[in-house]
Number of protein chains: 2
Amino acid sequence: MSDSVSYTKLYLRPHQFLARENESQPAIYRILEGWAHRFRLLPDGRRQVTRLFLPGDYCEMEWAQNGRSREPIVALTNLRALRIECDDLLYALSKDHELEMKIWSKIVSSSYQLSEWITNLGRKTALERLSYLFCEIFERLRTINLTYDDQFVMPLTQTDLADITGLTSVHVNRTLKQMREKGLIELQSKWLRIVDMPELRKVALFQPEGR
Amino acid sequence: MSDSVSYTKLYLRPHQFLARENESQPAIYRILEGWAHRFRLLPDGRRQVTRLFLPGDYCEMEWAQNGRSREPIVALTNLRALRIECDDLLYALSKDHELEMKIWSKIVSSSYQLSEWITNLGRKTALERLSYLFCEIFERLRTINLTYDDQFVMPLTQTDLADITGLTSVHVNRTLKQMREKGLIELQSKWLRIVDMPELRKVALFQPEGR
DNA sequence: CGGGTTATTGATTCGGTTCAAATCGAGTGG
DNA sequence: CCACTCGATTTGAACCGAATCAATAACCCG
């Protein structure tokens with residue numbers, strides 16, 4: 001994009017809000033480092049994560065279109081992000097058709113991910129959901145070189161995992177135990193090692209993007 | 001759009017495919033009449049509907065971007081649709097910035113709906129899910145004048161409802177019974193009457209688009 | 001250290017599934 | 001007009017995956 005635009009950076013600590021629900025958003029953010037999540041909160045406190053943001057992801061392209069966040073976004077770790085004014089982005093888009101197609105493509109592919117999770121939540125067991133999640137995270141981190149052989153830093157707590165997979169943290173705990181016993185994964189002090197990737201994929205009913 | 005473009009129509013019967021999984025799609029379709037659904041099928045036969053298409057909806061804007069369907073789409077009723085060539089659409093978009101924004105907005109809002117269903121499937125009970133579904137369908141049909149007072153034609157079978165809500169058809173049946181007993185709805189021979197809309201919305205934790 | 005999340009485990013309950021069978025209902029053909 | 005069929009609905013009984021409740025242990029960080 002044009003070098004006349006100056007970027008400002010955003011730093012957040014865990015639990016800090018990147019965006020509130022239904023809030024005006026004049027800018028989007030490109031995550032440089034750290035994890036964040038978008039979620040919905042029901043009146044009685046039930047919580048469901050609707051998207052996980054990893055380095056390289058944008059929060060959120062949609063804001064360029066309607067200028068408004070629909071769901072809160074909160075940092076899960078220390079977070080470093082690049083702020084991009086929607087006006088600048090839209091101007092750049094109007095000049096650069098390639099870029100515009102790239103943005104479209106990102107929105108479409110994130111909508112494809114949502115669809116995947118509808119299937120996970122509607123039809124899969126706890127074991128399948130967690131396995132799928134780990135496969136997905138591994139693939140996403142791998143494309144940005146944040147995996148180290150068969151392992152990566154996995155900062156999510158079991159409560160976070162529960163809110164992503166639509167389970168309780170207690171059941172996540174028991175299912176993780178089961179996955180360790182099956183020799184699928186090793187997980188300790190925020191490092192996840194995938195011991196048997198072929199088997200994990202099979203259990204998860206995971207098929208990589210292209211299919 | 002330009003009058004130099006001639007539209008062809010598509011007619012389908014129930015169970016006929018509008019699109020197969022991972023198939024090249026040179027055109028999108030605007031549904032004029034009837035219902036369709038997009039779904040994912042797991043190897044062992046578990047099925048999850050990922051989107052419901054009603055009159056006025058497009059199948060699917062995303063194809064204009066990547067020219068490929070990711071999931072099958074099948075007609076639920078007799079279906080009448082308008083075929084729009086992607087090339088024509090893209091040409092129209094490049095000429096008409098207003099139109100382009102409208103398309104964006106449709107994709108964004110459908111991605112918002114997916115997010116809503118992730119919450120429904122991850123965190124809501126059978127009663128809440130079905131109530132939500134009926135609220136949503138009612139609202140969508142109302143905006144296109146296909147509701148008649150507090151009722152509308154609801155062609156979905158209980159198996160369809162199960163595949164949308166991530167339940168079994170047996171449990172859908174029991175939950176519908178419960179909804180009738182609570183005085184929320186009346187449902188017979190494909191007509192659904194919403195008896196107590198305020199209460200149905202409350203049960204569903206449904207908040208209309210704007211919030 | 002000390003205090004507060006986070007993880008682990010057991011006992012019990014419950015929402016929803018599974019399996020099976022009976023009933024209803026809308027065509028279809030004789 | 002009735003017998004037949006096939007899908008859709010309804011209901012019962014038994015089961016199971018996951019939730020809930022509760023208590024303890026481990027970990028992390030200031």
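In this text, all values refer to a predicted model and were calculated from it rather than measured experimentally. Every chain is numbered from 1, with letters handed out A, B, ... down the list of sequences.
Across all strands shown, A:T175 has no heavy atoms under 4.0 Å from either base or sugar-phosphate atoms. Note on B:S169: nothing from the nucleic acid sits closer than 4.0 angstrom, heavy atoms only. Residue-level contact check: A:L167 touches the backbone only, with heavy atoms under 4.0 Å from sugar-phosphate atoms and none from bases. Counting non-hydrogen atoms under 4.0 angstrom, A:K190 reaches the backbone sugars and phosphates but no base.
Nucleotide D:dA19 holds its C1' atom 10 Å from the CZ atom of B:R123, rounded to whole Å. Atom NE2 of B:H15 is separated from atom P of D:dG7 by 9 Å (rounded to the nearest Å). Summarising the geometry, the separation between CE on A:M154 and C1' on C:dA7 is reported as 13 Å, rounded to the nearest angstrom. The distance from atom CD of B:E186 to atom C1' of D:dT9 is 18 Å, rounded to the nearest whole Å. The CZ-C1' distance, from B:R46 to C:dT18, rounds to 14 Å in whole Å. When the P atom of D:dA25 is taken as reference, atom CD of A:Q158 falls 18 Å away, rounded to whole Å. The separation between A:L156 atom CG and C:dA7 atom C1' is 15 Å, rounded to whole Å. If you take CD of A:Q178 and P of D:dG17, they are 10 Å apart, rounded to a whole angstrom.
In summary, the side chains of B:R38 and B:T50 do present a donor paired with an acceptor at a separation below 3.5 Å, with no hydrogens or angles considered. Between B:Q48 and B:W117, the side chains place no donor N or O within less than 3.5 Å of an acceptor N or O (distance only, hydrogens not considered).
Comparing atom distances between the B:V170 side chain and each of D:dA8, C:dT18, D:dT20 picks out C:dT18 as nearest. Which of D:dA19, C:dG16, C:dA7 sits closest to the side chain of A:T157 comes down to C:dA7. Listed nucleotides C:dT18, C:dG16, D:dT11 differ in distance to B:K177; the shortest reach to its side chain belongs to D:dT11.
A salt bridge is defined here as a Lys NZ or Arg NE, NH1 or NH2 lying under 4.0 Å from an Asp or Glu carboxylate O, and A:E199 with A:K182 fails to meet this definition. Look at A:K106 and A:D57 and you find no salt bridge, because none of the NZ, NE, NH1 or NH2 atoms lies under 4.0 Å from a carboxylate O.
In this structure, A:W63 and A:Y29 have perpendicular ring planes: the angle between them is above 60°, well past the 30° mark.
Distances shown here put every side-chain N or O of A:N173 at or beyond 4.0 Å from the OP1 or OP2 atom of C:dA7.
Nearer the 5' end of DNA chain C, as judged by each residue's closest nucleotide, is the contact made by A:R180, out of A:R180 and A:R174.
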